[in-house]
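As structure tokens, the structure follows; a few thoughts come after it.
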Amino acid sequence: MADGEVVNGSAENQEVAEKPGRASLLDSGEDFTMLDDMEDDVDDDLPPLEDAGGGKKKDSSVKDATKADQTPSTEQEEWLDVLGNGQLRKKVVEAGAGPDSRPQRGQNVTIHLKTSLTNGPVLEELPKLSFTLGDGDVLQALDLTVQMMEMGEKALIEAGAKYAYGALGSSTPAVPPDADLLLEVRLLSAEDAPDLELMPPSERISLANSKRERGNVHYQRADYAFAVNSYGIALQITEATSRVDISPQEEEELLDMKVKCLNNMAAAQLKLDHYEAALRSCVSVLAHQPDNVKALFRKGKVLALQGEYAEAIKTLKRALKLEPSNKTIHAELSKLVKKHSEQKGAEQAMYKKMLGNPTNTSVQKHSAKSSWSLSWKWLFGATAVAIGGVALSVVIAARN
């Protein structure tokens, strides 16, 4: 690899990991506490690409009428409002090789990138930044605009914070929160991504890991939909069939990478309240590793959120048996046992209300039955005494 070359946005991936006091990456030995919730106004969904170039166009007749009297604004015409919201604009500085040379989504592209604050100094320069177009490996501003560039083109990109580093900012490069950026980009090359079936297993493992790490960056920035996308791409890489020889150890490494991606995906899906999807991810992990404690823990959380307290308690007890000293599982299990007890009490109260008071009814039936039993016993006893008296009278009369 040439000096200064960065592959798949790896330089940007350090922005979270390098911050002191931040939680470690999801599957790198952390405890089971979910990462702290971040800002609620994070835009999780990719902006619609069909809106590209959606800026308002001047009516040609009006333009012709005013052309002789007024000099058109060059600044206004040179900037392209990519999404039509003023938050992402592109300006061609040097033309490229023509529209047919534009890269396609899924291709591996290499760019020369300079990053600056708006009206500020250059913060970072990357002579060769390589990434897969459309995979979410880099800033959203780059993913959306590089696919509109021609080969060899040099362009300026004005990116609002929403399409850059957002409300959290970045440590590398040093970007403050909610900062707009000016990006200078030159498209150097574009080529089709390698065939996964022919890729050496070691390279597949490395590529899947880079996508997973990018997903971790999205997760820690609370961009959970982007995180799910990155984990999904990593899963596709691990699950691809191979037409090259693969050793048992490499198969084990690919399986381990797959399990990590599924576990992290379940965590992101939980944040998005996609409970069924999160449950499927946990079940997939447990199909490969039945004693995976993280998958058991997250499965228990999903079941609890779905109101399946009995099954959730059973799952968490199994996780606790594997790690008896895990305080997080202890706390979650105690909370669920309490909720389950409250649920059972509420159900019993509801049944009593629906059926009346079965205890009082049974007592009344028993009392009525007892009173009838006493009445018959008294009548039978009185009759026996009367018959006995008559018989005695007959015997005495006979003797006399």
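Count residues from 1 along the sequence.
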Ion pair check, D135 and R214, cut-off under 4.0 Å: no
Result of checking E78, E150, E153 against K90 for salt bridge (Lys or Arg N to Asp or Glu O under 4.0 Å): E153
Basic-acidic side-chain contact under 4.0 Å: E184, K154: yes
N119 CG: over 12 foreign heavy atoms closer than 6.0 Å: no
Basic-acidic side-chain contact under 4.0 Å: E94, R186: yes
Other residues, nucleotides, ligands: >12 heavy atoms within 6.0 Å of D273 CG: yes
Check against side chain to side chain donor-acceptor pair (under 3.5 Å), N216 and Y231: CA-CA 9 Å; N216 290 347; Y231 295 140; 2.5 Å; yes
Least distance between heavy atoms, N263 atom then V285 atom: N-CG2, 4.0 Å
Salt bridge (Lys or Arg N to Asp or Glu O under 4.0 Å) partner of K258, the single match among E252, E239, E253: E239
N108 and T132: side chain donor to acceptor below 3.5 Å: yes
Side chain to side chain donor-acceptor pair (under 3.5 Å) against E197, all qualifying residues, sequence neighbours excluded: T241, R243
E158 versus Q87, side-chain donor and acceptor atoms under 3.5 Å: no
Heavy-atom pair with the smallest gap, counting every atom of A312 and A304: CB-N, 3.7 Å
Exam field: side chain R204 to backbone A240, donor-acceptor pair closer than 3.5 Å: yes
Donor-acceptor contact below 3.5 Å, side chain N326 vs main chain I329: yes
